[in-house]
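For reference, the structure I am asking about is given below.
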Amino acid sequence: MHTYEQIYAIARQIPLGKVATYGQVAELANLAGKARLVGYALFRVDVSTSDVPWHRVINAKGEVSYSPLRRGADYLQRSLLEQEGIKFNEKGKINLREYLWQPQPY
DNA sequence: AGACTGACGGTCT
DNA sequence: GAGACCGCCAGTC
């Protein structure tokens, strides 16, 4: 199986209204320390047809990762998150303490 | 079989 | 807090 499918499987578990960081997804996918790989995998997701909630994955600083290579998908990402009720501050950051996904907490 | 390409994150200045 | 540095690896041609 493709390694990326494992990453997508984790991403699909992120609930609506929550976000996860690249590093967090990497850990859950048994790829601890390989956050970049998660970024590479998500870049390959087809934004219009995929069932993966790719927009709920952001960087460890609590920001959407912007890049001209994304052809506007980054702005779409922010828009989708706002539609889920997530608020950005004046610096374009999300409060991770409020929105970070916490799988199986005790 | 290389070479190239990318949404990162922790640590140290 | 902001940069710089560095390790990371699968997919495509």
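So that the names make sense, note that chain A is the first sequence line, chain B the second, and so on, each numbered from 1.
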Inset, instruction - Kindly point out which of B:dG9, C:dA10, B:dG6 is positioned nearest to the side chain of A:L69? - result: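 Out of B:dG9, C:dA10, B:dG6, the nucleotide with an atom closest to A:L69's side chain is B:dG6.
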Inset, instruction - Given side-chain contact (heavy atoms from CB on, under 4.5 Å), test A:Y8 with A:W54 step by step and report yes or no. - result: CA-CA 8 Å; A:Y8 301 146; A:W54 54 271; over 6 Å; no
Legend entry - Gap separating the OG1 atom of A:T21 from the CG atom of A:L100, nearest 0.5 angstrom: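 Rounded to the nearest 0.5 Å, the OG1-CG separation comes out at 6.0 Å.
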Inset, instruction - In sequence, state the C-alpha distance, the side-chain angles, and the governing distance for A:Y40 and A:Y4, and then conclude on ring pair (Phe, Tyr, Trp, His ring centres under 6.0 Å). - result: CA-CA 9 Å; A:Y40 301 153; A:Y4 286 173; 8.1 Å; no
Legend entry - NZ on A:K34 to CG on A:L31, rounded to 0.5 Å: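 One gets 5.5 Å once the value is rounded to the nearest 0.5 Å.
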Legend entry - A:Q24 CD to B:dC8 C1', straight-line distance once rounded to whole Å: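 Result: 14 Å.
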Legend entry - Nearest-Å distance for atom pair CD1/C1', residues A:I10 and B:dC8: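 Whole-Å distance recorded here is 17 Å.
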Inset, instruction - Measure the distance from CH2 on A:W54 to P on B:dG6 and round it to the nearest whole Å. - result: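 Atom-to-atom, A:W54 to B:dG6, this comes out as 17 Å.
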Legend entry - From A:H55, A:K93, A:Q77, residue fulfilling side chain to side chain contact (heavy atoms under 4.5 Å, CB included) relative to A:V64: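 Exactly one option meets the side chain to side chain contact (heavy atoms under 4.5 Å, CB included) with A:V64, and it is A:Q77.
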Legend entry - Between C:dG11 (P) and A:Y4 (OH): distance, integer Å: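 Atom OH in A:Y4 sits about 6 Å away from atom P in C:dG11.
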Inset, instruction - For the pair A:D74 (side chain) and A:S65 (backbone), establish whether a donor and an acceptor sit closer than 3.5 Å, ignoring hydrogens and angles. - result: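 Not confirmed, A:D74 side chain does not pair with A:S65 backbone.
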Inset, instruction - Write down the distance between CZ (A:F43) and P (C:dC8), rounded to a whole number of angstrom. - result: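 Nearest whole value for this atom pair: 23 Å.
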Legend entry - Distance, P atom - from B:dG6 to C:dC5, rounded to whole angstrom: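 Nearest-Å result for C:dC5 against B:dG6 at atom P: 22 Å.
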Inset, instruction - Please state how far atom NZ in A:K61 lies from atom C1' in C:dA2, giving the value in whole angstrom units. - result: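 Going from A:K61 (NZ) to C:dA2 (C1'), I get 10 Å.
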Legend entry - Between C:dC9 (C1') and A:E5 (CD): distance, integer Å: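 After rounding, the reported distance stands at 16 Å.
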Inset, instruction - Apply side-chain contact (heavy atoms from CB on, under 4.5 Å) to the pair A:W101 and A:V19, showing each step before the final yes or no. - result: CA-CA 5 Å; A:W101 175 40; A:V19 298; over 6 Å; no
Legend entry - Pairwise C1' distance, C:dG1 and B:dG10 [rounded to whole Å]: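 So the two C1' atoms sit 16 Å from each other.
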Inset, instruction - Would you check if A:K87 and A:Y99 make a side-chain contact, meaning some heavy-atom pair closer than 4.5 Å? - result: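 Yes, side chains in contact.
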Legend entry - Any residue of residues 25-42 of chain A with a heavy atom less than 4.0 Å from an atom of DNA chain B: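 A:A35, A:R36, A:G39, A:Y40, A:L42, in order of number.
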Inset, instruction - State whether A:E84 and A:R56 are salt-bridged, where the test is any N-O pair (Lys NZ or Arg NE/NH1/NH2 against Asp/Glu carboxylate O) under 4.0 Å. - result: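 Result for this pair is yes, salt bridge flagged.
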Legend entry - Dot-bracket summary - DNA chain B, pairs being Watson-Crick or G-U whose distances fall under 3.5 Å, with | when paired to another strand: .|||||.||||||
Legend entry - Atom-to-atom span, CD1 of A:I7 to P of C:dC9 - whole angstrom: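 Atom CD1 in A:I7 sits about 12 Å away from atom P in C:dC9.
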Legend entry - A:H2 side-chain N/O to C:dA10 phosphate OP1/OP2 under 4.0 Å: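 Answer no for this pair, as no side-chain N or O of A:H2 is under 4.0 Å from OP1 or OP2.
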